[in-house]
Amino acid sequence: MELNHNQFIDFASLSIFVSIIGTAAPHRRAAASFSHQQALDELIEYLNMMMDEVVLPEDANEEQVRQAYADNLYQPVEIIKCE
């Protein structure tokens, strides 16, 4: 069955959450997720990997994540919702 490309327009507006580390290229890193929690999890996983140890527990809140990045990598982080 051939599908008309117009059939997918209703599904095109899906929100994503972009987690951004740093402010200046080329050191800025961004990752897209489908929920705020997934974006936060991405930040936690990345920091723990960069530090080669568990710096943040998996259930850390957003403020703890921001502070850990400031303390360990000296980089700001943010999560932006894109619609």
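- Ser19 OG to Glu62 CD: the interatomic distance, rounded to the nearest 0.5 Å, is 10.0 Å.
- Scanning both residues, Gly22 and Gln75, for their nearest heavy atoms gives CA-OE1, 2.9 Å.
- Cluster annotation: Val54 is not connected to Ile44 through the hydrophobic network of ILVMFWY side chains, with a link wherever side-chain heavy atoms come within less than 4.5 Å.
- Residue pairs meeting the side chain to side chain donor-acceptor pair (under 3.5 Å) criterion with at least one partner in residues 20-33, sequence neighbours excluded, are Arg29-Glu42.
- The backbone N or O of Gln64 lies less than 3.5 Å from no partner atom in the side chain of Gln67, so there is not a single donor-acceptor pair.
- For Asp71, the CG atom sits in a packed shell: over 12 heavy atoms of surrounding residues, nucleotides or ligands are nearer than 6.0 Å.
- Hydrophobic clustering of Ile, Leu, Val, Met, Phe, Trp and Tyr side chains at less than 4.5 Å, counting indirect connections, unites Met50 with Val65.
- Side-chain atoms of Arg66 do not come within 3.5 Å of backbone N or O of Pro76 as any donor-acceptor pair.
- If you take CD1 on Ile16 and NZ on Lys81, they are separated by 11.5 Å, rounding to the nearest 0.5 Å.
- Between atom CG of residue Leu56 and atom CD of residue Glu45 there is a gap of 12.0 Å, rounded to the nearest 0.5 Å.
- Cluster annotation: Ile80 is connected to Leu14 through the hydrophobic network of ILVMFWY side chains, with a link wherever side-chain heavy atoms come within less than 4.5 Å.
- One finds the CD atom of Glu53 at 9.0 Å from the CG atom of Leu47 (value rounded to the nearest 0.5 Å).
- Within the 4.5 Å cutoff, side-chain heavy atoms of Ile79 are placed close to those of Leu43.
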- request: Show the numbers, then the answer: is there a side-chain contact (heavy atoms from CB on, under 4.5 Å) between Leu40 and Phe17?
  value: CA-CA 9 Å; Leu40 193 56; Phe17 295 80; over 6 Å; no
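- Between the Asn48 side chain and the Val55 main chain, a donor and an acceptor come within less than 3.5 Å of each other.
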